[in-house]
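The structure under discussion appears below in the form of structure tokens.
The first residue in the sequence is number 1, and the count goes up from there.
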Amino acid sequence: MILTQIDIRGLRNLREVVLTPAPGFNLFVGANGAGKSSILEAIHCLSVGHSFRTRKAKELITRGEDEFTLACQMLDRSTDQTHRSGLRRHRDGSTELRLNYEEIRSISPVTQLLPVKALTPDSHSLIQDGPSGRRSFIDWGTFHVEHGFFDAWKIYRRALSQRNQSLKDNFSDSEVCSWDEQIISAGSQLDMYRRNYTNSLQTTLVKLLESMETMFHVELSYRSGWSDGIELGEALAKSLNNCRRFRTTTVGPHRAELQISTDGVLAKQILSRGQQKLLVYAMHLSQLILLHQITNKPAIVLCDDLPSELDQEQNGKVLDQIAQLNSQVFLTSTEPQSLPEIDFEMFTMTGGELRKGV
């Protein structure tokens with residue numbers, strides 16, 4: 001899937017922008033604050049409903065406006081079929097969604113059609129920060145390659161929310177545990193999907209790191225969110241007193257962790273900051289490669305200020321790998337001269353206004 005037209009109104013300093021991107025690399029240049037990253041945020045919103053910087057609509061809406069509106073036209077190059085999607089978010093948090101002129105309640109059908117991968121200046125936080133970001137990372141890939149993942153995730157989250165509310169309200173053990181059957185069934189599915197995906201991702205990552213001639217080896221290991229060697233049902237039963245003490249469910253896939261290690265030591269403890277950044281880019285690239293291998297669908301790639309993150313040689317390696325995916329790419333830079341020679345469609349941003357060319 002590629003984007004053939006994007007309409008943006010009222011998002012950050014983009015009061016009204018119409019963009020007709022190229023199917024390959026699209027480069028946005030301009031000074032800091034010109035609106036380059038806001039273009040990428042808009043594309044991310046079109047896919048998942050929120051920016052890679054914030055989930056709060058009020059932080060995205062142009063000052064003095066009550067809403068932002070996004071619309072796009074997408075082309076499936078494998079079938080030559082065109083889709084249209086629209087998103088409007090109001091300052092009060094309410095959202096309106098449309099797909100092919102029909103109102104939809106969830107953005108997941110759009111997300112399935114339009115996978116978007118954002119590579120941003122804070123990407124190294126995937127290694128440095130807590131486990132929630134790494135769970136989201138695994139779930140992005142699993143969602144796009146396992147058809148049953150989203151349904152299992154919805155059932156699990158709903159049952160978990162009800163169980164946690166029962167714990168907060170100090171309901172009886174039988175009432176708290178009445179949700180366990182759904183949690184066990186859906187949670188075990190989630191665990192299987194994530195574990196299988198992690199194993200595939202590890203294989204892809206090892207090959208990619210070798211091709212990029214990095215000087216370190218990486219191991220990915222998935223931890224379920226409960227003790228090894230027991231089933232989820234047994235873990236829930238054993239943890240009930242602990243759950244009552246904390247008034248929340250303390251075991252399950254919502255506590256899962258993706259460990260990133262090199263030579264048996266956590267990557268954040270042994271790799272330099274530069275190595276961590278390169279590793280995170282390689283992990284995202286591995287997801288893109290795996291997505292294409294399994295589904296034959298390239299994702300849209302957003303690269304926000306890539307030159308500032310990596311040196312020129314590393315930039316070249318990353319962009320070369322992206323080019324091999326046949327993806328549509330949106331890249332921002334304040335220093336386009338530091339980028340390798342690639343056939344870019346160039347756009348210039350000035351004060352929230354867009355023009356084609358330099």
Side-chain angles (χ1 to χ4, degrees), residues 3-21 26 28 30-74 83-123 125 129-130 132-133 135-136 139-140 143 150 153-154 157-158 161 164-165 300 302-305 330 332 347 349-355:
L3 291 164
T4 55
Q5 182 170 312
I6 306 165
D7 295 83
I8 307 168
R9 289 177 175 82
L11 188 144
R12 296 206 187 270
N13 65 341
L14 308 179
R15 291 195 173 273
E16 188 165 353
V17 169
V18 178
L19 170 63
T20 305
N26 297 272
F28 298 84
N32 290 327
K36 304 183 303 297
S37 297
S38 300
I39 295 284
L40 272 55
E41 288 186 276
I43 296 169
H44 198 269
C45 284
L46 281 165
S47 173
V48 297
H50 60 82
S51 162
F52 50 80
R53 286 177 167 173
T54 180
R55 291 177 175 266
K56 297 178 180 178
K58 63 183 180 181
E59 295 181 5
L60 293 172
I61 297 170
T62 300
R63 185 176 299 177
E65 301 293 334
D66 294 324
E67 64 191 31
F68 71 77
T69 303
L70 307 173
C72 70
Q73 183 170 288
M74 305 171 269
H83 300 273
R84 292 169 176 82
S85 176
L87 165 70
R88 178 178 290 125
R89 293 195 65 184
H90 300 269
R91 196 171 288 277
D92 63 7
S94 59
T95 302
E96 300 169 47
L97 297 165
R98 286 188 175 275
L99 178 59
N100 295 327
Y101 304 108
E102 294 186 3
E103 188 174 347
I104 56 175
R105 298 181 62 183
S106 167
I107 202 167
S108 60
V110 181
T111 309
Q112 283 281 10
L113 278 174
L114 189 69
V116 170
K117 169 64 71 174
L119 309 178
T120 65
D122 63 349
S123 291
S125 63
D129 291 355
S132 63
R135 282 194 298 271
S136 296
D139 286 349
W140 184 93
F143 170 84
F150 186 58
W153 183 86
K154 285 193 298 183
R157 296 300 301 182
R158 184 166 56 245
S161 176
N164 286 342
Q165 190 61 51
I300 288 174
L302 311 177
C303 297
D304 193 18
D305 204 14
F330 296 83
T332 69
F347 299 89
M349 297 295 303
T350 307
E353 295 187 356
L354 174 77
R355 74 173 185 273

From F68 CZ over to R88 CZ, what is the distance, rounded to the nearest 0.5 angstrom?
10.5 Å
Does any part of the side chain of R84, heavy atoms only, come nearer than 4.5 Å to the side chain of R98, both counted from C-beta?
no
Would the number of heavy atoms belonging to other residues, nucleotides or ligands and lying under 6.0 Å from CD of E353 be above 12?
no
Nearest 0.5 Å, please: how far is CG in D305 from CG in N32?
7.5 Å
What are the two closest non-hydrogen atoms of T62 and R12, and how far apart are they?
OG1-O, 2.5 Å
Interatomic distance, NE2@H50 vs CZ@R55, rounded to 0.5 Å, equals 3.5 Å
Got a sec, which residues hit salt bridge (Lys or Arg N to Asp or Glu O under 4.0 Å) with R135, two or more places apart in sequence or on another chain?
none
d(K117 NZ, L302 CG) to nearest 0.5 Å is 10.5 Å
Below 30° counts as parallel, above 60° as perpendicular, anything between as tilted: where do the rings of F52 and H44 land?
perpendicular
Donor-acceptor pair, side chain of T332 and main chain of F28, under 3.5 angstrom:
no
For I107 and G49 the tightest heavy-atom approach is CD1-N, 3.2 Å
Which of R15, R91, K58 passes salt bridge (charged side-chain N to carboxylate O under 4.0 Å, His left out) with E65? It is R15
Sorted by chain and residue number, the salt bridge (Lys or Arg N to Asp or Glu O under 4.0 Å) partners of E16 (sequence neighbours excluded) come out as R9
Main-chain N/O of P115 paired to W140 side chain as donor or acceptor, under 3.5 Å
no
Apply side-chain contact (heavy atoms from CB on, under 4.5 Å) to residues L60 and C45 and explain how you reach the verdict.
CA-CA 10 Å; L60 293 172; C45 284; 3.9 Å; yes
For A31, is there any backbone N or O sitting under 3.5 Å from a side-chain donor or acceptor partner on K36?
yes
Strictly distance-based, threshold 3.5 Å: is any side-chain N or O of S136 a donor or acceptor partner for the main-chain N or O of S132?
yes
Measuring from atom NZ of K56 to atom OG of S51, what distance do you get when rounded to the nearest 0.5 angstrom?
13.0 Å
Expected output: side-chain S47 to main-chain L114 donor-acceptor under 3.5 Å
yes
Please confirm whether the backbone N or O of L70 pairs with a side-chain atom of R89, one donor and one acceptor, at under 3.5 Å?
no
For side-chain contact (heavy atoms from CB on, under 4.5 Å), just list the numbers for N13 and S38, CA-CA rounded to whole Å, side-chain angles, deciding distance to a tenth of an Å, and then say yes or no.
CA-CA 8 Å; N13 65 341; S38 300; 3.9 Å; yes
More than 12 non-hydrogen atoms from neighbouring residues, nucleotides or ligands closer than 6.0 Å to CD on E59, yes or no?
yes
Quick one: closest heavy-atom pair of S106 and F150, and the distance?
OG-CZ, 4.4 Å
Does the side chain of L19 reach to within under 4.5 Å of the side chain of F330, using non-hydrogen atoms?
yes
Are the side chains of M349 and L14 in touch, meaning some heavy atoms are under 4.5 Å apart?
yes
Please report the interatomic distance CD1(I8) to CG(L87), rounded to the nearest 0.5 Å.
11.5 Å
L46: which of T111, I6, V110 passes side-chain contact (heavy atoms from CB on, under 4.5 Å)
I6
What closest approach, in Å, do F347 and T20 show between heavy atoms, and which atom pair accounts for it?
CZ-O, 3.9 Å
